[in-house]
Amino acid sequence: MRRFEGRVAVVSGAAQGMGKAVALRLGEEGATVVAVDINETGASVTAQSIGGRSIGVGCDIGDEGAVARLFDTVAGGFGKLDVLVNAAAIVPFVKWDALTFGEWRRVLRVNLDGLYLMCRAGSDLMRKNQYGRIVNFSSNSIFAGTPNMAHYVASKGGVLTFTRALATELGPFKITANSICPGLIDTEGVQTSPHKDAFEFVEMLQAIKGRGLPKDVVPAVAFLASDEAQWITGQALNVDAGMVRW
Ligand code: 4PL
């Protein structure tokens with residue numbers, strides 16, 4: 001399929017994991033991708049694998065000035081924005097007894113403040129051509145109440161409800177906004193955290209057994225980001241092998 005021919009997409013968290021997998025798929029299907037990550041080198045590697053006019057940009061999405069510069073680059077370089085996928089997030093593992101306000105703020109700053117800044121600037125650019133697809137990464141942990149990440153769960157609950165409200169605000173401009181709720185996925189981030197030891201437990205709860213990989217999440221994101229998903233907005237889609245049903 002070549003669903004993104006002529007489209008310009010910004011994908012955050014594009015240096016690794018699900019963000020990278022989504023960026024590569026959008027690129028394979030014809031999009032010009034602005035691969036965004038705090039890891040500038042990783043973002044550039046993703047962009048180079050896509051080729052064409054795709055670029056990598058280093059950006060701390062929690063920094064208002066950095067996000068403003070990012071979208072100046074998008075507007076200046078490509079003149080429009082069709083697709084915005086927000087996959088960038090901090091995925092912490094901190095048991096409740098060890099959770100501090102500083103750690104809470106660190107995670108909320110990126111996972112929620114950063115999402116706000118990206119959607120604020122991204123939707124302002126989309127509005128100009130009355131078209132847009134926004135896909136925000138929530139998590140199925142918001143339904144499960146997954147342990148050792150209360151601040152993350154709070155932030156991802158916010159992603160889902162913010163995305164609903166965003167859908168209402170942006171509907172008049174023919175921009176859709178949906179969230180995706182993956183389960184535990186085998187990514188570089190998970191492999192370098194204690195979450196890597198949760199696969200067996202998570203698998204026990206899944207309707208379909210096996211270990212979730214980024215490629216299992218990509219098709220749902222690409223669909224919601226595609227032109228033909230025009231009648232779907234304000235929704236949340238679990239992609240977790242049936243671990244949670246709601
Ligand atoms: C079920 O989003 O949804 C671990 C780590 N387990 O980040 C998550 C589950 C994790 C999750 C998540």
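Counting starts at 1 for both ligands and their atoms, following the listed order. Only heavy atoms go into these numbers, but all of them, side chains included; no hydrogens, no water, no symmetry mates.
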**Asked** H195 vs F93 aromatic rings, parallel, tilted or perpendicular, using cut-offs 30° and 60°?
**Response** perpendicular
**Message:** What's the separation between atom CZ in F199 and atom CE in M204, rounded to the nearest 0.5 Å?
**Reply:** 15.0 Å
Which side-chain N or O atoms in residues 79-89 pair as donor and acceptor under 3.5 Å with protein atoms at least two apart or in another chain?
from	atom 1	to	atom 2	distance (Å)
K80	NZ	G6	O	3.0
K80	NZ	D82	OD2	2.9
D82	OD1	R7	NH1	3.4
D82	OD2	V8	N	2.8
N86	ND2	N136	OD1	2.8

**Request:** Please confirm whether the backbone N or O of A14 pairs with a side-chain atom of D37, one donor and one acceptor, at under 3.5 Å?
**Result:** yes
**Request:** Let me know which protein residues bring a heavy atom to under 4.0 Å of ligand 1; chain then number is fine for ordering.
**Result:** V91, S139, N140, S141, T146, M149, Y152, P182, G183, L184, H195, M243
**Request:** Taking the side chain as every heavy atom from C-beta outward, state whether P92 and E103 have any pair of such atoms under 4.5 Å apart.
**Result:** yes
**Request:** Compare all side-chain heavy atoms of P182 with those of M18 and state whether any distance is below 4.5 angstrom.
**Result:** yes
